[in-house]
Amino acid sequence: MESLQQLFLIKKQEPPGFCNLGTRVKGKKMANSKFEYVKQFEQPDQLLPNTWIVVRIDGRGFTKFSTKYAFEKPNDKRALDLMNAAARAVVTELPDITIAYGISDEYSFVFHKTSKLFERRASKLVTTIVSTFTAYYVHLWSKYFVDTPLSPPLPSFDGRAVCYPSVQNLRDYMSWRQVDCHINNLYNTTFWALIQLGGIDATEAEKSLKGTYAADKNEILFSKFNINYNNEPEIYKKGSVVFRDYELVEPGTHDVVQEIEHTAEPAQQSKTQTEKDKRKWAKARVLVEHLDIIKDDFWDRRPWLLSNKPGKIPKEP
């Protein structure tokens with residue numbers, strides 16, 4: 001049998017099976033040994049440069065999970081507020097995220113096209129978002145579900161990363177998620193009204209809604225249950241958008257999209273300017289709002305979302 005000195009070429013190398021979480025130094029290479037060849041099996045997974053990165057996470061098995069914890073139907077405000085709180089924490093911890101959007105048990109986090117976080121490695125970006133979000137979701141659970149402690153199986157999320165080459169592609173993605181929010185919420189609101197207020201079972205409710213359009217569902221809600229869908233809370237109809245708060249600007253006073261789209265490679269900033277921007281990002285409040293992100297106005301009045309340049313901090317009221 002080979003001795004430890006033969007197997008481990010670095011002096012004072014810890015014996016096999018020993019894990020010292022305090023000794024590894026960031027940026028240092030792993031200990032050199034005959035086993036190091038296994039690193040050759042790792043495959044590069046860097047995402048395309050100069051593209052917007054969207055990491056979308058989804059709750060795993062949340063249909064069963066929501067039943068286990070008796071989430072209110074069609075929407076549980078506590079559950080949505082918890083998702084938003086976890087998302088806000090993720091955006092706060094990762095300044096490279098410019099905007100996030102969430103509905104139901106999913107959230108999309110957008111990294112600016114110039115971001116070099118983790119060298120744009122898909123595995124690092126996805127696992128960081130998923131693990132950080134899950135950690136905060138579990139940590140904050142008791143704040144929103146005061147009398148309902150968690151028990152195994154605990155909540156978990158999966159994730160994926162997708163690259164979008166243009167601002168229009170990115171905006172179309174965000175619009176797709178918000179349209180999905182509206183379609184699903186209108187259906188669910190009508191479906192559960194038929195069950196909870198109409199007294200029919202799920203099969204009959206599903207049959208009643210088969211082949212109906214948005215106008216039909218609105219009519220069912222109003223004529224049968226006196227519910228005006230337009231008066232439903234915005235969080236249910238529009239989902240939640242998370243972003244840093246700066247002073248709004250007047251539409252037409254900038255041309256951020258053209259500037260971004262025609263820049264092949266971002267200009268290198270000085271170290272002083274980079275540090276100055278970091279301080280501005282850190283000072284900005286991270287908001288959770290329920291706004292229309294399909295129309296131009298949302299983006300035109302918040303150019304920092306696309307330019308990746310912090311705006312002016314709003315004055316205290």
S.K.: Can you hop from Leu82 to Ile235 via hydrophobic side chains spaced under 4.5 Å?
M.R.: no
S.K.: Answer yes when Asp180 and Arg177 have at least one side-chain N-carboxylate O distance shorter than 4.0 Å, and no when they do not.
M.R.: yes
S.K.: Could you go step by step and tell me if Arg302 and Thr98 meet the side-chain contact (heavy atoms from CB on, under 4.5 Å) rule?
M.R.: CA-CA 11 Å; Arg302 300 169 179 84; Thr98 64; over 6 Å; no
S.K.: Nearest 0.5 angstrom please: Ser108 OG to Ile97 CD1, how far?
M.R.: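 If I round to the nearest 0.5 Å, the distance is 11.0 Å.
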S.K.: Could you report the tightest heavy-atom contact between Gly311 and Lys280, atom names first, then the distance?
M.R.: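 Between these two residues, the closest heavy atoms are O-CD, 4.1 Å.
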S.K.: Is Arg56 close to Val162 at the side-chain level, that is, under 4.5 Å between some pair of heavy atoms?
M.R.: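 SC-SC contact between Val162 and Arg56 ruled out.
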S.K.: To the nearest 0.5 Å, what is the distance between NZ on Lys238 and CG on Asp292?
M.R.: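 Those atoms lie 5.5 Å apart.
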S.K.: Tell me whether Asp45 contacts the main-chain N or O of Ser123 through its side chain, where contact means a donor paired with an acceptor under 3.5 Å.
M.R.: yes
S.K.: So, Phe111 versus Phe118, ring centres under 6.0 angstrom or not?
M.R.: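 No - the distance between ring centres of Phe111 and Phe118 does not fall below the 6.0 Å cut-off.
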S.K.: Hydrophobic clustering (ILVMFWY, side-chain heavy atoms < 4.5 Å, transitive) - are Leu140 and Tyr107 grouped together?
M.R.: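 Linked, Tyr107 and Leu140 end up in one cluster.
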S.K.: Measure across Pro155 and Thr134 and return the closest heavy-atom pair with its distance rounded to 0.1 Å.
M.R.: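 Heavy-atom minimum between the residues: O-CG2, 3.7 Å.
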S.K.: Is there a donor-acceptor pair under 3.5 Å between the side chain of Gln178 and the backbone N or O of Tyr101?
M.R.: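 No.
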S.K.: Passes side-chain contact (heavy atoms from CB on, under 4.5 Å), Phe222 versus Ile227? Steps please.
M.R.: CA-CA 5 Å; Phe222 191 73; Ile227 295 174; over 6 Å; no
S.K.: I need the minimum non-hydrogen distance between His290 and Val288, along with the two atoms involved.
M.R.: CE1-CG1, 4.2 Å
S.K.: Looking at side-chain heavy atoms only, is the closest gap between Arg88 and Thr92 below 4.5 Å?
M.R.: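 Result yes, sub-4.5 Å side-chain heavy-atom pair found.
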S.K.: Flag the pair Leu209 / Ile220 as yes when at least one side-chain heavy-atom distance between them is below 4.5 Å, and no otherwise.
M.R.: yes
S.K.: Between Asp296 and Arg171, does any side-chain N to carboxylate O distance fall below 4.0 Å?
M.R.: yes
S.K.: More than 12 non-hydrogen atoms from neighbouring residues, nucleotides or ligands closer than 6.0 Å to CZ on Arg160, yes or no?
M.R.: yes
S.K.: Check whether any side-chain heavy atom of Lys113 sits under 4.5 Å from a side-chain heavy atom of Trp52, and report yes or no.
M.R.: yes
S.K.: What do you reckon, is NZ of Lys124 surrounded by more than 12 foreign heavy atoms closer than 6.0 Å?
M.R.: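 Check fails, neighbour count at 12 or below.
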S.K.: Do Phe133 and Leu94 share a hydrophobic cluster, counting only Ile, Leu, Val, Met, Phe, Trp and Tyr and linking them when any side-chain heavy atoms are less than 4.5 Å apart?
M.R.: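 Yes: a chain of side-chain contacts under 4.5 Å links Phe133 to Leu94.
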S.K.: Any heavy-atom pair between the side chains of Val242 and Val90 that's under 4.5 Å?
M.R.: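 Side-chain contact under 4.5 Å: no.
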S.K.: Measuring from Leu186:CG to Leu221:CG, what's the distance to the nearest 0.5 Å?
M.R.: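 The CG atom of Leu186 sits 6.5 Å away from the CG atom of Leu221.
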S.K.: Decide ring pair (Phe, Tyr, Trp, His ring centres under 6.0 Å) for Trp141 and Phe65; before the verdict, give the C-alpha distance in whole Å, the side-chain angles of both, and the deciding distance to 0.1 Å.
M.R.: CA-CA 13 Å; Trp141 173 271; Phe65 182 80; 5.7 Å; yes
S.K.: As an exercise, state the distance from NE2 of His112 to CD1 of Ile99, rounded to the nearest 0.5 Å.
M.R.: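 Taking NE2 in His112 and CD1 in Ile99, the distance rounds to 12.0 Å.
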S.K.: If you look at every heavy atom in His254 and Asp300, which pair is closest and at what distance?
M.R.: NE2-O, 2.7 Å
S.K.: Less than 4.0 angstrom from a charged side-chain N to a carboxylate O is my criterion; do Lys237 and Glu234 meet it?
M.R.: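 Salt bridge between Lys237 and Glu234, a charged N being under 4.0 Å from a carboxylate O: yes.
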S.K.: Which residue is it: Trp281, Phe298, Phe109? I am looking for the one with a ring-ring contact (aromatic ring centres under 6.0 Å, His included) to Phe243.
M.R.: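 By the ring-ring contact (aromatic ring centres under 6.0 Å, His included) criterion, Phe243 pairs with just one of Trp281, Phe298, Phe109: Phe298.
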S.K.: Step by step, would you call Ile53 with Ser115 a side-chain contact (heavy atoms from CB on, under 4.5 Å)?
M.R.: CA-CA 9 Å; Ile53 301 171; Ser115 175; 5.6 Å; no
S.K.: The test is side-chain contact (heavy atoms from CB on, under 4.5 Å); show your working for Asp201 and Glu204 and say whether it passes.
M.R.: CA-CA 5 Å; Asp201 62 23; Glu204 283 300 312; 3.3 Å; yes
S.K.: List the atom of Ala284, the atom of Asp245, and the distance in Å for their closest heavy-atom pair.
M.R.: CB-O, 3.9 Å
S.K.: With a 4.5 Å limit on heavy-atom distance, are the side chains of Leu80 and Ser240 in contact?
M.R.: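 SC-SC contact between Leu80 and Ser240 ruled out.
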S.K.: With side chains defined as the heavy atoms from C-beta onward, is the minimum distance between Arg301 and Pro251 less than 4.5 Å?
M.R.: yes
S.K.: Using the six-membered ring wherever Trp is involved, compare the ring planes of Tyr137 and Phe157 and label them parallel, tilted or perpendicular (cut-offs 30° and 60°).
M.R.: perpendicular
S.K.: Answer with yes or no whether the hydrophobic clustering places Ile57 together with Val91; edges join I, L, V, M, F, W, Y residues whose side-chain heavy atoms lie under 4.5 Å apart.
M.R.: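 They do share one cluster, since a chain of ILVMFWY contacts under 4.5 Å joins Ile57 to Val91.
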S.K.: Checking Thr132 side chain against Ile129 main chain: does a donor-acceptor pair fall under 3.5 Å?
M.R.: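 Flag not set: sc Thr132 to bb Ile129 has no pair under 3.5 Å.
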S.K.: May I ask you to decide if the ring planes of Tyr37 and Phe41 are parallel, tilted or perpendicular, using 30° and 60° as cut-offs?
M.R.: perpendicular
S.K.: At their closest point, which heavy atom of Lys77 faces which heavy atom of Tyr236, and how far apart are they?
M.R.: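 The answer is CB-OH, 3.6 Å.
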S.K.: In Å and rounded to the nearest 0.5 Å, what is the CG to NZ distance from Leu194 to Lys224?
M.R.: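 The distance works out to 6.0 Å.
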S.K.: Give a yes or no on this: more than 12 heavy atoms of other residues, nucleotides or ligands lie within 6.0 Å of atom NZ of Lys312.
M.R.: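 Not more than 12 within 6.0 Å, no.
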S.K.: For the rings on Tyr69 and Phe62, is their centre-to-centre separation under 6.0 Å?
M.R.: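 Here the rings of Phe62 and Tyr69 have centres that are no less than 6.0 Å from each other.
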S.K.: How long is the span from the NE2 atom in His182 to the CD1 atom in Ile103, to the nearest 0.5 Å?
M.R.: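 It is 12.5 Å, given to the nearest 0.5 Å.
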S.K.: Using side-chain heavy atoms (C-beta onward) and a distance below 4.5 Å, is Met174 in contact with Val110?
M.R.: yes
S.K.: Salt bridge check, Asp96 against Lys116: does any charged N sit closer than 4.0 Å to a carboxylate O?
M.R.: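 Salt bridge absent between Lys116 and Asp96.
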S.K.: Please tell me whether Val257 and Trp304 are part of a single hydrophobic cluster in this structure, the criterion being side-chain heavy atoms less than 4.5 Å apart.
M.R.: yes
S.K.: Given Tyr229, which of Thr189, Asn218, Asn185 fulfils the side-chain hydrogen bond (donor to acceptor under 3.5 Å, both in side chains) condition?
M.R.: Asn185
S.K.: Does Glu119 CD have over 12 foreign heavy atoms under 6.0 Å away?
M.R.: no
